[in-house]
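The following block contains the structure, expressed as structure tokens.
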Amino acid sequence: MSERRQRSATESLLAVAFGVEMATVVFGAIALAGLHKEHVVEVVVTAALLILFLYLALATLRRGVNPIVFVSQAALLLPVITEPMWAIAWAVCMIFWIYCLVKGRSLDRRKGTS
């Protein structure tokens, strides 16, 4: 029987951060669809693409924190083009994501030295 690989603290914390970001995209899409009723299809398609990209970044997280993980955070800024208020949600997500990244790496370092 194969043994399961142990997830690092960085992986676990960033998985939580990605989950929060996906939920933010869903609720942001609901709010934007309500504000811009004539563009509902575009809002839903964009939200689905962002969630798919975040899921792809989450799936690649098993191989380490690679460039696609960082690019996914930049991609979350794209809705600011049409809705400037999205910048607030993006800033909150980025603060949480950076905190999870820094805290996870420090926990991994501490675990490796013990």
Side-chain angles (χ1 to χ4, degrees):
M1 188 166 212
S2 66
E3 192 174 315
R4 261 183 105 171
R5 184 181 73 78
Q6 185 87 12
R7 287 175 61 171
S8 69
T10 304
E11 269 183 75
S12 299
L13 287 173
L14 287 180
V16 170
F18 276 123
V20 168
E21 289 171 348
M22 288 181 203
T24 301
V25 169
V26 167
F27 289 117
I30 292 170
L32 287 175
L35 285 173
H36 305 290
K37 293 182 188 212
E38 63 277 0
H39 300 292
V40 172
V41 174
E42 291 91 349
V43 169
V44 171
V45 168
T46 303
L49 289 174
L50 279 173
I51 289 173
L52 184 66
F53 191 59
L54 286 171
Y55 184 76
L56 174 69
L58 179 61
T60 62
L61 194 59
R62 292 187 184 124
R63 292 179 179 83
V65 179
N66 54 28
I68 195 168
V69 174
F70 293 103
V71 170
S72 69
Q73 300 308 303
L76 281 178
L77 191 58
L78 290 176
V80 173
I81 296 168
T82 58
E83 186 59 46
M85 288 299 290
W86 184 261
I88 296 170
W90 178 78
V92 170
C93 284
M94 281 307 301
I95 290 168
F96 184 63
W97 191 85
I98 290 170
Y99 175 78
C100 288
L101 178 67
V102 170
K103 188 67 173 175
R105 285 188 173 173
S106 73
L107 288 171
D108 288 338
R109 246 180 285 141
R110 191 177 317 153
K111 185 179 177 183
T113 58
S114 296

Query raised in the report: For Leu50 and Pro79, which heavy atoms make the closest approach, and how far apart are they?
Result: CD1-CG, 3.7 Å

Report task. Kindly say whether Ala74 contributes a backbone atom to a donor-acceptor pair with the side chain of Trp90 at under 3.5 angstrom? Result -> no

Query - Spacing of CD1 belonging to Ile68 relative to CG belonging to Leu54, to within rounding of 0.5 Å - result: 10.0 Å

Query raised in the report: Is Leu78 linked to Val40 within one hydrophobic cluster, defined over Ile, Leu, Val, Met, Phe, Trp and Tyr using a side-chain heavy-atom separation of less than 4.5 Å?
Result: no

**Report entry** Heavy-atom check, side chain of Lys111 versus side chain of Leu107, under 4.5 Å
**Finding:**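 No, too far: nothing below the 4.5 Å cut-off.
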
Requested in this report: Look at atom CZ of Phe70 and say whether more than 12 heavy atoms of other residues, nucleotides or ligands are closer to it than 6.0 Å.
Outcome: yes

Query raised in the report: Quick one: side-chain hydrogen bond (donor to acceptor under 3.5 Å, both in side chains) partners of Thr10, sequence neighbours excluded?
Result: Asp108

Query raised in the report: Roughly how far, to the nearest 0.5 Å, is CG of Leu76 from OG1 of Thr24?
Result: 8.5 Å

Report task. Flag yes if Phe53 and Leu14 sit in one hydrophobic cluster, no otherwise; membership is Ile, Leu, Val, Met, Phe, Trp, Tyr, and two members link when side-chain heavy atoms are under 4.5 Å apart. Result ->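 As far as the 4.5 Å side-chain criterion goes, Leu14 and Phe53 are connected within one cluster.
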
Query - Approximate separation, where rounding is to 0.5 Å, of Glu11 CD and Arg63 CZ - result: 11.0 Å

Query raised in the report: Do Met22 and Leu58 have side chains that get closer than 4.5 Å, going by heavy atoms?
Result: yes

Query raised in the report: Val20, Ile51: one ILVMFWY side-chain cluster at the under-4.5 Å cut-off?
Result: no

Query raised in the report: Going by heavy atoms in the side chains, are Phe18 and Trp97 under 4.5 Å from each other?
Result: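 Side-chain contact under 4.5 Å: yes.
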
Requested in this report: Determine, using the 4.5 Å side-chain heavy-atom cutoff (strictly less than), whether Val102 and Val92 are members of one ILVMFWY cluster.
Outcome: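 No: no chain of side-chain contacts under 4.5 Å links Val102 to Val92.
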
Query - ILVMFWY cluster, Val16 and Tyr99 together (side-chain gap under 4.5 Å) - result: no

